[in-house]
Amino acid sequence: MTSQLRVYVPEHPLIKHWLGVARDRNTPSVLFKSAMTELGRWLTYEASRNWLPTEDIVLETPLAPCEATLINPEPPMAIVPILRAGLALLDGAQTLLPLASTYHLGLVRNEETLEATCYLNKLPETIDSNTRILILDPMLATGGSMIAALEALIERGANPELFRIISVVAAHPALQKINQYNPNLIIYTAMIDPDLNEQGYIVPGLGDAGDRAFGTL
Ligand SMILES: O=P(O)(O)OC[C@H]1O[C@H](OP(=O)(O)OP(=O)(O)O)[C@H](O)[C@@H]1O
Ligand SMILES: O=c1cc[nH]c(=O)[nH]1
Ligand SMILES: [Mg+2]
């Protein structure tokens, strides 16, 4: 059996609500940023369900011994926001993963060729292959930026089986390209949109997520 990219679109009213707010062209930048924070929070919540390491222990309540399951703080964990737009998801993700290191990766698409280039790389030179890595980028359009990020992580030793990708709108062309690159990856997104326009923007999408989050339209 050949493997296939797993793309989860959680059915949650809060995710639908904040996606609607983010898509609306009349949403001002400050509210757009709040919507992204909330989407970062709830998509991370969904993605962490079968991903966070736990340990079973026995503790003492005030009354008796009791079995409990706690988060195991030992295995390394990292969040990689893809700047700029991925930064808008970071606050929400960090509230759920306070022990994770944050490695910033700045990528920008050339507006004509749609090729991504890296202008900031705060990844460590080597990454422990046991590191769970949450990659944040709200927009998966052609998929070029995400693949550049995946390559940078994998060449430093990270294990893609421990990655979770968080996006807000994922377009079919990006999903096809990521599936070709590595069909074992797992993506959590608020929505899958069908296509891109001639400028490489997702339609209907939500516009330029970086510009909307940081008020640079
Ligand atoms: O799938 P792709 O075709 O690569 O497009 C998606 C990328 O484009 C946007 O970044 P942009 O280059 O606009 O930078 P910004 O986040 O700083 O606005 C977006 O935030 C993604 O990183
Ligand atoms: O629709 C798109 C595509 C790429 N980047 C964005 O911010 N929006
Ligand atoms: Mg942008």
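Start at 1 with the first residue, then count along the sequence. Atoms within each ligand, like the ligands themselves, are counted from 1 in listed order. Not measured: the values here are computed from a predicted model.
Side-chain contact between L206 and V168 is present, with heavy atoms from C-beta onward closer than 4.5 Å.
Side chains of R84 and T216: a donor-acceptor N/O pair is present below 3.5 angstrom, by distance only. In this model, a donor atom of one side chain and an acceptor atom of the other lie less than 3.5 Å apart for W42 and E38. In this model, no donor atom of one side chain and acceptor atom of the other lie less than 3.5 Å apart for E55 and T69.
Atom 6 (C) of ligand 1 has its nearest heavy-atom neighbour, among R84, M139, E115, in M139.
Counting heavy atoms of neighbouring residues, nucleotides and ligands inside a 6.0 Å radius, atom CG of N197 exceeds 12 of them. Atom CD of E155 has more than 12 heavy atoms from other residues, nucleotides or ligands within 6.0 Å. Within a 6.0 Å sphere centred on OH of Y181, heavy atoms belonging to other residues, nucleotides or ligands number more than 12. Within 6.0 Å of CD on E115 lie no more than 12 heavy atoms contributed by other residues, nucleotides or ligands.
T61 places a side-chain N or O within 3.5 Å of a backbone atom of A64 that can act as its donor or acceptor partner. A donor-acceptor pair is defined here as one N or O able to donate and one able to accept, closer than 3.5 Å; such a pair exists between the side chain of S29 and the backbone of R212. Although no hydrogens or angles enter the test, the distance criterion places a donor-acceptor pair under 3.5 Å between the side chain of T44 and the main chain of G40.
With respect to atom 8 (N) of ligand 2, the closest heavy atom belonging to the protein is G207 O, 2.8 Å. When hydrogens are left out, the protein atom nearest atom 14 (O) of ligand 1 is L107 O, 3.9 Å; that is the closest non-hydrogen contact. From the protein, the heavy atom lying nearest to atom 1 (O) of ligand 2 is I202 N, 2.8 Å. The protein atom (non-hydrogen) at minimum distance from atom 5 (O) of ligand 1 is R109 CD, 3.2 Å. At the shortest separation from atom 13 (O) of ligand 1 among protein heavy atoms lies D208 OD2, 3.8 Å. Scanning all protein heavy atoms for the shortest distance to atom 4 (C) of ligand 2 gives R109 NH2, 3.4 Å. When hydrogens are left out, the protein atom nearest atom 2 (P) of ligand 1 is T142 OG1, 3.4 Å; that is the closest non-hydrogen contact. At the shortest separation from atom 2 (C) of ligand 2 among protein heavy atoms lies Y201 CD2, 3.4 Å.
Within the listing of ligand 1, atoms 12 (O) sit less than 4.0 angstrom from a heavy atom of V108. Atoms of ligand 1 found under 4.0 Å from any heavy atom of A141, numbered from 1 in the order shown, are 1 (O), 2 (P), 3 (O), 5 (O). Those atoms of ligand 2 that come under 4.0 Å of a heavy atom in A209, given as number and element, are 6 (C), 7 (O). Residue-ligand proximity, G200 to ligand 2, at heavy-atom distances under 4.0 Å covers atoms 3 (C).
Some N or O of S145 is nearer than 3.5 Å to an N or O of ligand 1, by distance alone. Inclusion of L114 in the set of residues having an N or O under 3.5 Å from an N or O of ligand 1 is not warranted. In terms of N/O distances under 3.5 Å, ligand 1 is not approached by P138. No N or O atom of D211 sits closer than 3.5 Å to an N or O atom of ligand 1.
At least one N, O or S atom of D208, from either the backbone or the side chain, sits less than 2.8 Å from the Mg ion (ligand 3).
Ionic pairing of R23 and D193 is present here: one or more N-O contacts between side-chain nitrogen and carboxylate oxygen are shorter than 4.0 angstrom. Between D91 and R41 no salt bridge is recorded (no basic side-chain N to carboxylate O distance below 4.0 Å).
Distance check on atom 10 (O) of ligand 1: every protein heavy atom falls at or beyond the 4.0 Å cut-off.
Ligand 1 has at least one atom lying under 4.0 Å from a heavy atom of G143.
Of all the heavy atoms of D137, the ones lying under 4.0 Å from any atom of ligand 1 belong exclusively to the side chain. Looking at A85 against ligand 1, both its backbone and its side chain come within 4.0 Å, counting heavy atoms.
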